[in-house]
Structures are given as C-alpha cells and as structure tokens.
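The block underneath contains the structure these notes are about, expressed in structure tokens.
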Amino acid sequence: MFLEFPLYRALDGLDTLYRIDGPRHFVEWQPIGSSRWLVHEHVAEIYPSQVLIQSLIHADDAQLKLSREEWNARRLKRKEPEQENAVGTIAQTTEDPAVLEGMDLASWTTFGISAHAAHWITAHSDDDVRFALSWRQERDAALLVMGGGSNMLMHADWEGLALHVGIRGVRVLKEEGGRIEVVVGAGENWHDWVMLALKNGWHGLENLALIPGQVGASPMQNIGAYGVELKDRFLWLEAIHVQTGSLKRFDAASCEFGYRESIFKSSEKGQWIIVRVAFFLKKNAPLQTAYGAIQQELKALPEESWTHADVAKAVMQIRSTKLPDPKKLGNAGSFFKNPVLGPDEFKRLQTAHPEVAHYPQSDGTVKVAAGWLIEQAGWKGKHRGTHGVHVNQSLVLVHYGGATGAEIWQLAQDIMHDVHSQYGVQLEPEVNQIGLNRSK
Ligand SMILES: Cc1cc2nc3c(=O)[nH]c(=O)nc-3n(C[C@H](O)[C@H](O)[C@H](O)COP(=O)(O)OP(=O)(O)OC[C@H]3O[C@@H](n4cnc5c(N)ncnc54)[C@H](O)[C@@H]3O)c2cc1C
C-alpha cells in the first residue's frame, strides 16, 4: 500500500488551497490581498471541520484534486506568513532529502556499537518524513526510526532504511495566566529544550534535565527522572503513520503512558513517526524536590530561596556524578526497568530479603530497585574486557570498546538469569533491542 496522505486540493474558481495531512488534520491557505497567504491549521475533531475535511478528502464538485507539483506551483504564487503564524508547520523543506548509503551508526548511538545502516535519510520536515516513507515502501525496505540513539542497542547491521528525525523548531502556542503551551520539533535535543524552557521561565521540566536524546523520543517510553515524568507536562503530540502518511494528533489519554511505557511501545509499536510534541508549562510550577538526592544537593541553600534553576542544577550535578557520560563511555542509561510487583509478590520478596530497596506506588504496587537486585546478585562493576556493568551504577551496562551488541545482550541475559534465580524477579530491558533475532 502506498501513502494515502497528504492530499492536495484547491477550491474551484477561488485561490484557496488545502493540504489534507490525515483524516482529522488539514491546513488551509487563504489568499489575502494580492500577494499573501493566510495559513490556518485545522485539527478537525468537531463539526463542522469534520464535515469539511470529509468533503475535501472526497473532493466534491467545488474542489479540484491536484498533484503535489500542481499544488506547490499555485502555493508559490503568493508569500507565506512569518513562521510563527503558520501553525502546524514548524519546519518546511523545499527539496527532497538525500539518501545516504552505508551509514556507520556507531557515532549515532550512545552505546557506540559498530553497525551499518544500508540507507539513511535525515528528515527536516513532515514532507521529508513522507518522502522517506514512500522511498522505503517502493523498495519494501525495513524502517528504523532514530532520534539521538541513546536508548537502543544495535545487534546487527540494518539492511533497510534508518530514518533520522531532525525536525527542529520551538513555538509558543498560547500563554495565559502563567500557563504556557509550547510545541517542539521532534528533532530538538531534549536537554537543550529543557534549558530553553528554564531560561524563559517556563517551568516543570527541570527534573528531566540532562536526559540524552531528542524530544521526539521522549513520549516513546514516557521518560522520567527524580519524581517527574514526561506525561506530567505533556499536552499532545503529532505523528505520521508509516503506511498511510496520515498525520494524527494524540492527546495524553490516547498515548496510554505508563512507567517507561506508551502506546508507541505496545499496540502501536512501529506504526508512527513522532514529528512534534506539545507541552504545558507553568511560571509557578511547584518545585519537585522529594528525592533525597535533590534535597542533599540543595541543603547548602535556605529552603525558601530554592528556585527551578537550583533544582535543575542539582539534578545535573547528581546525574554527572552518578551516570557515565556516553561521550566518554558507551552506554544507554538504565539497561533495565525497575520491576513493578503486586502487593503479594512484593511481600514474599520482602519477607525473604527485608532490606530490599523499594518504592511503594500510589496504586498499591511496589517498584523494586533493579540496581539493588543486580548489585546484590554480585554484578556491580563486573568487567568482560570490552564491556561490563558500571562500577557505580549497576543498572547501566557499559561498552569499553570493541564489543558487539550480541555480547552486551549476553551480559544482560546472564544478569536477568541470576536475578531471577536468586530473587524470583524477572527483569525487563528498558533499552530497545534493534535487529535482535529472538529465536536465537
Ligand atoms: C546516560 C543516559 C542516561 C539516561 N537517563 C534516562 C533517564 O533518566 N530517564 C529516561 O527515561 N531515560 C533515560 N535514558 C534513556 C534515553 O535517553 C531516553 O529514552 C531518550 O528519550 C531516548 O531518546 P533518543 O532520541 O536517543 O531515542 P533513540 O534511542 O534514538 O530511540 C529510542 C526509541 O524510540 C524510537 N524513536 C526515536 N525517535 C522517534 C520518533 N521521532 N518517532 C517514533 N519513534 C522514535 C526509536 O525507533 C527507538 O525505538 C538515558 C540514556 C543515557 C545514555
């Protein structure tokens, strides 16, 4: 099946143009004066937009179906408004992106494992994403979506297309009563975005400072650290369907966020390319300082003087002392999730091991510190020449150089096996395994 979207339409007899990005999403170019466009984005969730979009899709008598080239020729006759008025078009490109061959992914992933992608496209706009999707459909090539490569372990060369999402841009949608809504391109660096928000006084993301990777991947596993998760500040995201090219807006409920989980890792896995993420932030968002380590860092300052910037600084300080810097030592952060146990299962574990490190959850379940289990099982700092377990943080597997994905995966399996046989707890990897043949 080839991409169904976008569709290009014009109103017969008038200059108005439409680009239909998905069954609920269209953009309208209305002529104003003799030389300019007024551009409106419509997320068609309610009547009458839904009726209009249906009639546009089916192109009734008053509408012309245009090819992309015909439509673009008409659009270029007038000037577009300044970027900030063109909602829904964070970044636009005019030329098709280059297709590169044989890209070494070692420098594109924080583990730094050598693996080659047969083909590589960097997408700077929605159009580029759709170009890449058509390109790979025509060749029936397997698709690997890449952000910053900080949550993946490559097991083999990638024979298909690696699509690097490089869509940039940050735009304020609304600012009212101390609440700010901002949409950010999926290709923006996560930490840079957190710092930009902080600089502008848009608060709520400080505890997530210094997490590597890009904004587009942040909803994939609902990134979290020091008592805050992405979902706490998430408004919506827009994503393009890999088969149809259709754009869809997902609100928080439809993302089904959980602990290091979202719908994009479960029932919709591999179906969507996230192109931008919108956040709601607050000038006076409460400081999140419940974590002991943050309190410890802040204790030199009087509590009444603590600011959001202090919290961000504390988080960065803790992270840079506790976690290995991927620029110096290959890793993908926590390799395993903290297992979440039901009350009975946890009671059994605690009876046998009263000292087990754990965090009770509001729903009655208990999160057990995977790092504690791994350390107690004797794995902290274990070295296998080219790779091993980090000396300070047992949750992090590290690559000293020259290891393969399979070797690191073997280490992970050995750890999982030992933890299971000693504690009866099944660890699950947090890191995405790319190209792993699970039948092996
Ligand atoms: C030192 C270190 C510390 C870390 N600390 C934390 C932490 O505290 N909390 C935390 O939650 N995580 C942490 N991580 C993990 C990682 O940084 C996050 O998961 C991050 O969001 C991954 O972003 P990325 O752009 O690098 O994603 P990638 O590794 O490139 O991709 C991750 C997954 O998302 C998919 N993907 C990427 N971009 C898109 C897109 N635009 N559309 C659709 N699919 C996409 C990929 O196909 C892949 O399956 C850490 C990692 C490191 C190396």
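The first residue of the sequence shown is numbered 1, and numbering continues consecutively from there.
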**Message:** Using the rule given for side-chain contact (heavy atoms from CB on, under 4.5 Å), can you reason through Trp37 versus Arg75, listing the C-alpha separation, both sets of side-chain angles and the distance that settles it, and then say yes or no?
**Reply:** CA-CA 9 Å; Trp37 290 118; Arg75 198 189 70 172; 3.9 Å; yes

**Asked** When rounded to the nearest 0.5 angstrom, what is the spacing between OG1 in Thr109 and CG in Leu153?
**Response** 8.5 Å

**Request:** Using a 4.5 Å cut-off on heavy atoms from C-beta on, say whether the side chain of Ile53 contacts that of Pro23.
**Result:** no

**Note, Leu66 side chain near Arg9 side chain (heavy atom, < 4.5 Å)** = no

**Prompt:** Under 3.5 Å, side chain of Asp96 to main-chain N/O of Phe131, donor-acceptor pair present?
**Reply:** no

**Prompt:** Looking only at heavy atoms, what is the nearest atom pair of Thr16 and Glu28, with distance?
**Reply:** CG2-CG, 4.0 Å

**Request:** To the nearest 0.5 Å, tell me how far Ile32 CD1 sits from Lys79 NZ.
**Result:** 11.5 Å

**Asked** Can you check whether Ala141's main-chain N or O pairs, donor with acceptor, with Arg136's side chain at less than 3.5 Å?
**Response** yes

**Request:** Check Asn222 against Gly258 and note the closest heavy-atom contact, atom names and distance.
**Result:** ND2-O, 2.8 Å

**Message:** Heavy-atom count check: over 12 atoms from other residues, nucleotides or ligands less than 6.0 Å from Arg139 CZ?
**Reply:** yes

**Prompt:** Is the charged tip of Lys248 near the ring of Phe250: under 6.0 Å from the six-membered ring centre and within 45° of its axis?
**Reply:** yes

**Asked** So, does Glu159 use its side chain to make a donor-acceptor pair with the main chain of Ala142 at under 3.5 Å?
**Response** no

**Check: Arg319 and Tyr226 side chains under 4.5 Å, non-hydrogen atoms** = yes

**Item:** Note: Glu238-Arg249 ion pair, threshold 4.0 Å (strictly below)
**Value:** yes

**Item:** Tyr359 backbone acceptor or donor facing Gln361 side chain under 3.5 Å
**Value:** yes

**Prompt:** Going through the distances and angles, do Ile294 and Trp306 end up as a side-chain contact (heavy atoms from CB on, under 4.5 Å)?
**Reply:** CA-CA 11 Å; Ile294 296 185; Trp306 292 352; over 6 Å; no

**Message:** Is there a side-chain contact (heavy atoms from CB on, under 4.5 Å) between Ile274 and Val165? Walk through the geometry before answering.
**Reply:** CA-CA 8 Å; Ile274 296 168; Val165 182; over 6 Å; no

**Ring centre gap for Trp202 and Phe279 strictly below 6.0 Å** = no

**Fill in**
When Phe26, Tyr18, Trp29 are each screened for ring-ring contact (aromatic ring centres under 6.0 Å, His included) with His42, the one that passes is Phe26

**Message:** Checking Asn200 against Val182 for the side-chain contact (heavy atoms from CB on, under 4.5 Å) test, could you report, in this order, the C-alpha distance in whole Å, the side-chain angles of both residues, the deciding distance, and whether it holds?
**Reply:** CA-CA 12 Å; Asn200 284 304; Val182 190; over 6 Å; no

**Message:** If you apply the rule side-chain hydrogen bond (donor to acceptor under 3.5 Å, both in side chains), what do you find for His164 with Gln214, and how did you get there?
**Reply:** CA-CA 11 Å; His164 177 236; Gln214 298 190 169; 3.2 Å; yes

**Asked** Using the ring of each side chain (for Trp, its six-membered ring), is His308 parallel, tilted or perpendicular to His203, with breaks at 30° and 60°?
**Response** parallel

**Message:** Nearest 0.5 Å, please: how far is CZ in Arg78 from OG in Ser34?
**Reply:** 7.0 Å

**Request:** Kindly say whether Gly185 contributes a backbone atom to a donor-acceptor pair with the side chain of Arg276 at under 3.5 angstrom?
**Result:** no

**Asked** Mind checking whether Trp108 and Trp120 have parallel, tilted or perpendicular rings, split at 30° and 60°?
**Response** tilted

**Complete:** Smallest heavy-atom separation, Asp21 atom then Arg130 atom, equals O-NH2, 3.4 Å

**Item:** Donor-acceptor under 3.5 Å (Lys265 side chain, Arg260 main chain)
**Value:** yes

**Message:** Regarding Asp15 and Lys77, does a basic nitrogen lie under 4.0 Å from an acidic carboxylate oxygen?
**Reply:** no

**Request:** Please report the shortest heavy-atom distance between Leu3 and Ser134, naming the atom on each side.
**Result:** CD1-OG, 3.2 Å

**Prompt:** Would the number of heavy atoms belonging to other residues, nucleotides or ligands and lying under 6.0 Å from NZ of Lys283 be above 12?
**Reply:** yes

**Message:** So that I can tick it off, tell me whether Arg168 and Asp192 are bridged by a salt bridge, with the cut-off set at under 4.0 angstrom between side-chain N and carboxylate O.
**Reply:** no

**Sidechain-backbone polar pair: Asn392 side chain, Lys322 backbone, donor-acceptor under 3.5 Å** = no

**Asked** Got a salt bridge between Asp126 and Arg19, using NZ or NE/NH1/NH2 to carboxylate O under 4.0 Å?
**Response** no

**Message:** Salt bridge or not between Glu176 and Lys174? Use side-chain N to carboxylate O under 4.0 Å.
**Reply:** no

**Message:** How long is the straight-line distance from CD of Glu268 back to SG of Cys255, given to the nearest 0.5 Å?
**Reply:** 10.5 Å

**Message:** Please check this pair: side chain of Ser262 against backbone of Met220, looking for a donor-acceptor N/O pair closer than 3.5 Å.
**Reply:** yes

**Item:** pair Trp190-Ile223: side-chain heavy atoms closer than 4.5 Å
**Value:** yes

**Prompt:** Does Gly169 offer a backbone N or O that forms a donor-acceptor pair with the side chain of Glu188 under 3.5 Å?
**Reply:** yes

**Asked** For the side chain of Asp232 and the backbone of Glu229, is there at least one donor-acceptor N/O pair under 3.5 Å apart?
**Response** yes

**Asked** Between His241 and Trp272, does the ring centre distance come in under 6.0 Å?
**Response** yes

**Message:** Tell me if the CD atom of Glu101 is crowded by more than 12 foreign heavy atoms within 6.0 Å.
**Reply:** yes

**Message:** I need the Phe111 CZ to Ile408 CD1 distance, nearest 0.5 Å.
**Reply:** 4.5 Å

**Message:** If I take atom CD from residue Glu261 and atom NZ from residue Lys231, how far apart are they, to the nearest 0.5 angstrom?
**Reply:** 13.5 Å

**Request:** Quick one: do Thr365 and Asp363 satisfy side-chain hydrogen bond (donor to acceptor under 3.5 Å, both in side chains)? Show the steps, please.
**Result:** CA-CA 6 Å; Thr365 60; Asp363 62 359; 2.6 Å; yes

**Asked** Going by heavy atoms in the side chains, are Glu407 and Arg384 under 4.5 Å from each other?
**Response** no

**Prompt:** Between Val194 and Leu208, what is the shortest heavy-atom contact and its length?
**Reply:** CG2-O, 4.2 Å

